[in-house]
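Everything below concerns the one structure shown next.
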Amino acid sequence: MREIRLYNTLTNRLEPLDPLHPGEVRIYTCGPTVYASAHIGNFRTFVFQDILRRFLRSQGYRVLQVMNVTDVDDRIIHSAAAAGIGIREYTDKYIRAFLEDIDALGIEMPEELVRATDHIEDMVTLIEKLQQKGFTYTTDGSIYFRISKFPEYGKLSKIDLSGIQPGARVDVDQYDKENARDFALWKAPKPGEHFWETRIGPGRPGWHVECSAMSMKYLGDTLDIHTGGVDLAFPHHENEIAQSEAATGKPFVRMWLHAEHLIIEGQKMSKSLGNFYTLRDLFAKGHKPSTIRFLLLSVPYRRQLNFTEDGLMQARSSVERLRNFVTRLKAEQFAAGSNREVERLVETAENEFEAGLANDINTAVALASVFDFVRDANTAMDRGTFLEQDAPRAVAAMEKFDAVLAVLADRDDETLAKLGFSRPNQRMPAAEIEALIGERIAAKKSRNFQRADEIRQKLADSGIVVEDTKDGTVRWKYK
RNA sequence: GGCGCGGUACCCAAGUGGGAAGGGAGAGGUCUGCAAAACCUUCAUUCGUGGGUUCGAUUCCCACCCGCGCCUCCA
């Protein structure tokens, strides 16, 4: 098995992946907080995680991935109350939308998608364990984690607690905490708020404890990989480490992977700047799922990604190029035989593709190997040195690449239609298209080029592109 | 201030102590009735700036400039 190296935020180094359970990689992924639609920045992180899991599987690993859904927090409680419905009902619709969104982007479902509110009992058990070991204290019914009892606090984010300057910014809750950095494991209910009646009293869980409880429940005390956006490293992941390791006495996570943020047209994405896009906003503007996925995956995950209109155009063209190649492979007739040179091209591409991804999921290198292959194979086809037996081999390679990339197989129209974004101007019935193309071929044969061009224009107006090929056949596709 | 990421052609972007990947756009050409697709050619003689190490640095070291993130329950 090829060695896979990943950049571990805990050690700030590239390290070889060495799963605790041979052949199986256990991953925990911080999922969405379902109080609103996820935005394009969220999906940068989720697409990265999808590339990671797809690559691991393509390398023969079993993957056991758990993603949480945070369906209880202040915003949810308040919004649900304002809407006069329960938090479960309130979050259901956002969970549904999230599932539709990740499906639209070709993101595979994790093996376990778990809701925080289904695991209150597990969190209570974890908090009890921390209480027994003396890592907590209670103030007014809220239970806090005492950071001073956990000397390794700060090892992920490399913050030095001794150097903290008190003052500048003070949390509003500070008065009931011993230390400003202590965080809530359990929050006492406020009047009128949703709460659970439990062995540790009435209340609701703090944000951090949910991830510790659920990850260890499904993946064991020590996980192979924990992923999330860079912003989560502190305090969320730092707190997860503290809770989990204090409770079990074992290392919580062997490798921490953090995806850099996405910015929009060079600016930080924020609601006040009005550059806050959901997937559906982009679909409504006419962008295809494959375009968005390609753009999100084309920049390696540890690099900030500038999400721009121009970038979307470029991504769209790139995907077109790859898809055109596969279409050509399947449609064109080649002379009998097979060419060892082409086989060599395939092997080189497959090797470089894997090597790129194995080096900290370097998608830019992986894509370069695919494009190299596409160009060289196209050249061989143009020169007539690409033979009949080479085609299925090349198709197989492209399918292998797409098992990770997931942008070649064209589900765009289908996906958009499912979400209500069908484009009626592209819905000319196939029979009518075929009839027009037949008429155009006849017109061309009788050298009535004016009529032929009229038909081509008519099809173009309906979003259909016609391509004449060398051997006289005609291909068409939706634009 | 602390911790971290980055500055490579018009845009996106890889990379290494010794010939600067790949994609998009542009220009010219081949093919085509014309297109489209594809192919060919072209597109970085300061790889942020200034020093240093070296036979040789975009790559290592130092300083500086610029952009960004986290240090507040934001992926």
Side-chain angles (χ1 to χ4, degrees), chain A residues 9 12 29-33 38-49 70 73-75 154 156-160 163-165 168-172 180-181 183-184 187 206-208 227-236 238-239 258-263 266-271 294-295 298-300 302-306 308 310-311 313-322 324-325 327-328 332 352 356 359 362-372 374-383 444 447-450 452-453 456-457 460 465-470 475-477:
Chain A
T9 314
N12 285 139
T29 292
C30 281
T33 299
H39 54 69
I40 192 64
N42 294 316
F43 291 114
R44 198 273 165 101
T45 304
F46 295 135
V47 165
F48 155 63
Q49 287 153 170
T70 300
D73 81 338
D74 288 334
R75 291 165 300 195
L156 178 66
S157 50
K158 282 88 185 168
I159 64 163
D160 179 3
I164 290 178
Q165 296 170 349
R169 285 168 174 171
V170 179
D171 190 275
V172 289
R181 298 278 175 175
F183 55 92
K187 297 183 174 185
W207 175 37
H208 315 295
T227 67
V230 278
D231 56 302
L232 294 186
F234 189 90
H236 184 53
E238 197 70 68
N239 291 351
H258 289 103
E260 252 300 343
H261 277 179
L262 163 158
I263 57 177
Q267 288 186 299
K268 182 178 175 169
M269 186 175 59
S270 75
K271 284 187 172 149
F294 186 92
L295 177 54
S298 64
V299 179
R302 282 202 299 130
R303 187 187 181 97
Q304 205 172 59
L305 188 160
N306 189 8
T308 64
D310 193 40
M313 302 296 287
Q314 296 181 10
R316 182 194 170 103
S317 298
S318 300
V319 172
E320 275 300 303
R321 177 168 168 78
L322 298 177
N324 286 340
F325 174 65
T327 301
R328 184 179 186 188
E332 204 159 307
E352 289 179 358
N359 184 18
N362 191 330
T363 46
V365 166
L367 283 175
S369 72
V370 176
F371 281 107
D372 276 336
V374 168
R375 186 196 56 242
D376 291 343
N378 269 324
T379 302
M381 287 191 255
D382 283 358
R383 290 182 182 159
K444 277 181 63 181
R447 305 196 64 78
N448 184 353
F449 295 122
Q450 193 186 336
D453 289 348
R456 185 166 61 197
Q457 187 55 49
V465 181
V466 179
E467 295 177 8
D468 299 333
T469 62
K470 223 171 237 173
R475 289 198 291 259
W476 64 270
K477 64 186 179 189

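Naming: A, B, ... by sequence-line order, numbering from 1 per chain. These numbers were taken from a predicted model, which means no experiment stands behind them.
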Subject >> Base B:G4 to side chain A:Asn12, donor-acceptor N/O within 3.5 Å cut-off >> reply: no
Subject >> Spacing of A:Asn306 atom CG relative to B:G69 atom P, expressed in whole Å >> reply: 12 Å
**OP:** Might you point out which heavy atoms bring A:Glu238 and A:Gly154 nearest each other, and give the distance in Å?
**Re:** OE2-N, 2.9 Å
Subject >> No-H, no-angle donor-acceptor pair, A:Arg44 side chain to B:A75 base, under 3.5 Å >> reply: no
Original post:
Is any N or O donor-acceptor pair between the side chain of A:Glu260 and the base of B:C5 shorter than 3.5 Å?
Top reply: no
Original post:
Taking the side chain of A:Arg303 as heavy atoms from C-beta outward, which of B:C12, B:A75, B:G6 is closest to it?
Top reply: B:G6
**OP:** Mark this stacking check for A:Phe449 against B:G33 as yes or no, applying ring centres under 5.5 Å and ring planes under 30°.
**Re:** yes
Original post:
Would you say the side-chain atoms of A:Asp310 and A:Gln314 include a donor-acceptor pair closer than 3.5 Å?
Top reply: yes
Original post:
For the side chain of A:Asn378 and the backbone of A:Val374, is there at least one donor-acceptor N/O pair under 3.5 Å apart?
Top reply: yes
Subject >> Side-chain N,O (A:Asn42) to OP1/OP2 (B:A75) below 4.0 Å >> reply: yes
Subject >> B:A37 OP1/OP2 closer than 4.0 Å to side-chain N/O of A:Asn324 >> reply: no
Original post:
Taking atom types as they are modelled, is there a donor-acceptor pair under 3.5 Å from the base of B:C39 to the side chain of A:Asp376?
Top reply: no
Original post:
Does any donor-acceptor pair link the side chain of A:Gln314 with the base of B:G23 at a separation under 3.5 Å?
Top reply: yes
Original post:
At under 4.0 Å, does any side-chain N or O of A:Arg321 touch on OP1 or OP2 of B:A38?
Top reply: yes
